[in-house]
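Structure first, commentary second.
From a predicted model like this one, the values you see are computed outputs, not experimental measurements. Starting from 1, each residue takes its place in the sequence as its number.
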Amino acid sequence: MKGSKSLVNKPSTFHPYSRRAAESVTKLNALWLSDIHLGSIDCKAEYLLHFLNSVQPKVLYLVGDIVDIWALKRRVFWPESHNQLLQKLLQMTQSGIKLVYLPGNHDELFKDYHQLQLADVIISKEYRHQTLSGKTLLMLHGDQFDSEVCIGRITARLGDHLYDVLMFLNRHLHKVRRRLGYPYWSLAGFIKQRVGKAQQAINSFREAVVRYGRKQKVDGIICGHIHQPELTEMSGFIYANDGDWVENCTLLTETLEGELQLERWNEQLGRTEVLKRFAWQGQEQQAA
């Protein structure tokens with residue numbers, strides 16, 4: 001590969017957060033993660049690994065782009081933190097946690113194994129989750145809606161290249177902030193919120209996903225793909241995007257009380273913080 005540089009088994013500078021033996025584990029009914037992008041230099045594997053060590057879900061949904069095969073084709077990058085995270089995900093299935101994997105576009109090779117089930121691991125293009133309140137949530141990655149969002153293939157490729165540049169700037173800004181003692185902050189997310197075309201694409205994606213979900217006669221839909229975390233109630237229909245682990249470090253959970261929570265990793269606290277909550281018997285709430 002042109003310009004490729006193998007970083008497999010390179011000694012890692014990964015230093016996990018202090019492991020507190022007495023720290024309680026939070027039990028969850030369900031946990032949703034997507035767009036982890038293992039194999040990408042922008043993957044925040046250390047943060048996610050620390051989070052996974054603090055929770056115990058009954059079912060874990062991996063909603064696509066878990067391994068970034070596109071990135072690995074350009075450059076083999078697999079530090080110890082990525083290896084530890086992958087091992088952690090596999091260990092969770094061995095401890096009785098059901099795992100459902102819905103491949104995305106960056107790991108689309110696994111779509112060939114659709115409907116494959118090995119023990120407590122299921123691979124599927126779409127899957128339905130029954131909440132504790134009896135509601136049905138449809139899950140899919142979301143790349144099937146690209147044609148309804150992008151103008152064309154050339155525009156989509158240009159967008160990918162611009163995003164790579166944005167993530168390059170995001171990565172180096174994080175290094176500078178860390179040296180100065182500041183926590184992680186997403187420059188990429190900040191810019192996307194202020195670019196009209198980006199917001200237009202996000203809105204078009206949301207509309208396409210919700211339209212599809214309503215046709216499927218479900219109560220809500222959970223996806224990833226666009227790296228834009230969101231938990232919104234729209235006339236009785238739930239649209240949830242669990243975000244990513246390259247710029248936003250977000251996830252979605254269903255608590256044992258049946259509440260959906262959109263959460264974000266807080267580097268300073270060493271844990272997640274709730275961004276938004278939704279309980280089916282009430283209204284969507286902005287976290288205090």
Within this structure, what is the NZ-CG distance for the pair K125 and D143, rounded to the nearest 0.5 Å?
10.0 Å
Under a 3.5 Å distance rule, please check whether N83 uses its side chain to pair with a backbone N or O of P79 as donor and acceptor.
no
Output the distance between atom CG (L260) and atom NZ (K135), rounded to the nearest 0.5 Å.
12.0 Å
Scan side-chain atoms only and decide if E230 and Y239 contain a donor-acceptor pair under the 3.5 Å cut-off.
no
N29 side-chain N/O to L132 backbone N/O, donor-acceptor pair under 3.5 Å:
no
Are Q261 and E254 close enough that some pair of their side-chain heavy atoms sits under 4.5 Å apart?
no
With rounding to the nearest 0.5 Å, note down the distance linking SG in C223 to CZ in F205.
4.0 Å
Determine yes or no for a side-chain-to-main-chain donor-acceptor pair under 3.5 angstrom, with D68 supplying the side chain and S40 the backbone.
no
Rounded at 0.5 Å granularity, tell me how far CG in D107 sits from CG in D35.
9.0 Å
Which one of F110, Y113, Y127 satisfies the ring-ring contact (aromatic ring centres under 6.0 Å, His included) criterion with Y101?
F110
State whether the side chain of T250 and the backbone N or O of D242 hold a donor-acceptor pair below 3.5 Å, judged by distance alone.
yes
Nearest heavy-atom contact between S133 and W280 is OG-CD1, 2.9 Å
Are L262 and F278 side-chain neighbours, meaning at least one heavy-atom pair lies under 4.5 Å?
no
Does any non-hydrogen side-chain atom of L231 lie less than 4.5 Å from one of E263?
no
Sidechain-backbone polar pair: T93 side chain, I97 backbone, donor-acceptor under 3.5 Å:
no
Considering only heavy atoms from C-beta outward, does the side chain of M234 approach that of R214 to under 4.5 Å?
yes
May I ask whether L90 and L102 are part of the same hydrophobic cluster, defined by side-chain heavy atoms of I, L, V, M, F, W, Y residues being less than 4.5 angstrom apart, directly or through others?
no
Short question: side chain of H141, backbone of P103 - any donor-acceptor pair under 3.5 Å?
no
dist I123:CD1 -> L62:CG (nearest 0.5 Å) comes out at 10.5 Å
Side chain to side chain contact (heavy atoms under 4.5 Å, CB included) between I36 and L48, intermediate numbers included:
CA-CA 9 Å; I36 299 173; L48 181 52; 3.6 Å; yes
Hey, are D244 and K44 close enough for a salt bridge, meaning a charged N less than 4.0 Å from a carboxylate O?
no
So, do H37 and H227 have ring centers that fall under 6.0 Å from each other?
yes
Please walk me through it: do L60 and L33 pass side chain to side chain contact (heavy atoms under 4.5 Å, CB included)?
CA-CA 8 Å; L60 170 61; L33 300 168; 3.9 Å; yes
What's the shortest heavy-atom distance between T253 and W32, and which atoms?
C-CZ3, 3.8 Å
Are L256 and Y61 linked, directly or through other ILVMFWY residues, by side chains that come within less than 4.5 angstrom of each other?
no
Nearest heavy atoms of A30 and P57, plus distance in Å
C-CB, 4.4 Å
Could you tell me whether the side chain of N266 and the main chain of R271 form a donor-acceptor pair under 3.5 Å?
no
Taking atom NZ as the centre, does K88 end up with more than 12 heavy-atom neighbours from other residues, nucleotides or ligands that are less than 6.0 angstrom away?
yes
Given the side-chain rings of F77 and H82, with only the six-membered ring counted for Trp, is the space between their centroids under 6.0 Å?
yes
May I ask you to test the L252-I222 pair for a side-chain heavy-atom distance under 4.5 Å?
yes
Beyond-backbone contact of R264 with T272, side-chain heavy atoms, under 4.5 angstrom:
no
Exercise: identify the closest heavy-atom pair between C43 and L38
SG-CD2, 4.0 Å
Trace of the side chain to side chain contact (heavy atoms under 4.5 Å, CB included) decision for M139 with I221:
CA-CA 6 Å; M139 291 163 291; I221 196 162; over 6 Å; no
Distance check, rounded to the nearest 0.5 Å: S124 atom OG versus L140 atom CG?
10.0 Å
Are K217 and T136 side-chain neighbours, meaning at least one heavy-atom pair lies under 4.5 Å?
no
Has the side chain of Q144 got a donor or acceptor atom that lies under 3.5 Å from a matching backbone atom of G142?
yes
Side-chain donor/acceptor of S34 to backbone N/O of G243, under 3.5 Å
yes
Hey, is the main chain of E257 close enough, under 3.5 Å, to the side chain of T255 for a donor-acceptor pair?
yes
Nearest heavy-atom neighbours spanning V210 and F237
CG1-CD2, 3.9 Å
Ignoring hydrogens and geometry beyond distance, is a side-chain donor-acceptor pair present between H225 and N241 at under 3.5 Å?
no
Apply the test side chain to side chain contact (heavy atoms under 4.5 Å, CB included) to residues I226 and I202: give CA-CA distance (whole Å), side-chain angles for both, the deciding distance (0.1 Å), then the verdict.
CA-CA 7 Å; I226 61 171; I202 291 169; 4.2 Å; yes
Residue pair Q56 / M92, side-chain heavy-atom distance below 4.5 Å
no
